[in-house]
Amino acid sequence: MTINEKKIPSVEEVSNALAKMIADKMEIDITTVLPESNLQELGLDSLDTFDIIFSAEDYFKIKVPNDQVKITTLQDVAVLVHQLILSQKS
């Protein structure tokens, strides 16, 4: 599963894709994964969070610098990934 490399997704599209990744990984209902959801409250530990970041890198064809993996919510991840998509496609 990858995204169309020519289209730059909106933050909402990034958030929706990440919500599906989290729901699939944690085997939870996607409707419980909201932008303001705290990743720890969804059951993600630090390894799960890195796994989601790696999945996002593969899906969006980006590289997330290690020093930027300080995130708390789904929205934090979505904004970071969206910014990286914009910076790495320009």
Side-chain angles (χ1 to χ4, degrees):
M1 176 169 70
T2 60
I3 193 161
N4 181 340
E5 293 184 29
K6 293 183 179 180
K7 179 182 181 265
I8 296 177
S10 67
V11 173
E12 182 179 355
E13 291 170 322
V14 171
S15 182
N16 290 341
L18 292 169
K20 180 164 181 9
M21 289 177 199
I22 292 169
D24 288 349
K25 174 155 186 67
M26 303 311 292
E27 298 180 354
I28 57 178
D29 187 338
I30 194 168
T31 61
T32 63
V33 184
L34 304 173
E36 64 272 14
S37 295
N38 181 299
L39 299 181
Q40 286 184 328
E41 291 174 2
L42 292 173
L44 280 84
D45 61 21
S46 59
L47 291 177
D48 294 325
T49 301
F50 275 108
D51 195 34
I52 294 298
I53 295 295
F54 294 140
S55 294
E57 288 180 332
D58 288 343
Y59 185 81
F60 293 106
K61 305 294 182 205
I62 58 169
K63 179 68 182 149
V64 178
N66 288 340
D67 61 344
Q68 293 194 21
V69 185
K70 296 175 183 162
I71 50 180
T72 304
T73 66
L74 171 60
Q75 184 68 22
D76 294 339
V77 183
V79 169
L80 172 63
V81 168
H82 186 258
Q83 289 172 342
L84 291 169
I85 291 169
L86 291 175
S87 69
Q88 294 177 14
K89 295 215 178 209
S90 59

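I30 contributes atom CD1, which lies 9.5 Å from atom CD1 of I22 (distance to the nearest 0.5 angstrom). In this structure, CD1 on I53 lies 8.0 Å from CD1 on I62, to the nearest 0.5 angstrom. The distance from atom CD of Q75 to atom CG of L39, rounded to the nearest 0.5 Å, is 11.5 Å. Rounded to the nearest 0.5 angstrom, L44 CG and L42 CG are separated by 6.5 Å. Interatomic distance, F54 CZ to L47 CG, rounded to the nearest 0.5 Å: 9.5 Å.
S87 places a side-chain N or O within donor-acceptor distance of the main-chain N or O of Q83, the cut-off being under 3.5 Å.
The side chain to side chain donor-acceptor pair (under 3.5 Å) search around T73 returns D76, not counting sequence neighbours. In terms of the side chain to side chain donor-acceptor pair (under 3.5 Å) criterion, S46 has no residue partners (sequence neighbours excluded). Every salt bridge (charged side-chain N to carboxylate O under 4.0 Å, His left out) that E57 has, sequence neighbours left out, goes to K63. The side-chain contact (heavy atoms from CB on, under 4.5 Å) test applied to E12 returns S10, N16, not counting sequence neighbours.
Counting all heavy atoms, side chain and backbone alike, F60 lies closest to I85 at CD2-CD1, 3.5 Å. When all heavy atoms are compared, the tightest approach of S37 to T32 is OG-O, 3.5 Å. Annotation for S55 and M21: closest pair CB-SD, 3.8 Å, computed over non-hydrogen atoms.
Sorted by first and then second residue, the pairs that involve residues 35-51 and meet salt bridge (charged side-chain N to carboxylate O under 4.0 Å, His left out), not counting sequence neighbours, are K25-D48, K25-D51.
Linking ILVMFWY residues whenever their side-chain heavy atoms come closer than 4.5 Å, directly or via other members, places L86 and L84 in the same cluster. By the criterion of side-chain heavy atoms lying less than 4.5 angstrom apart, applied directly or through intervening Ile, Leu, Val, Met, Phe, Trp or Tyr residues, L34 is not grouped with M26; the two fall into different hydrophobic clusters.
When hydrophobic side chains of Ile, Leu, Val, Met, Phe, Trp and Tyr are connected at separations under 4.5 Å, V79 ends up clustered with V11.
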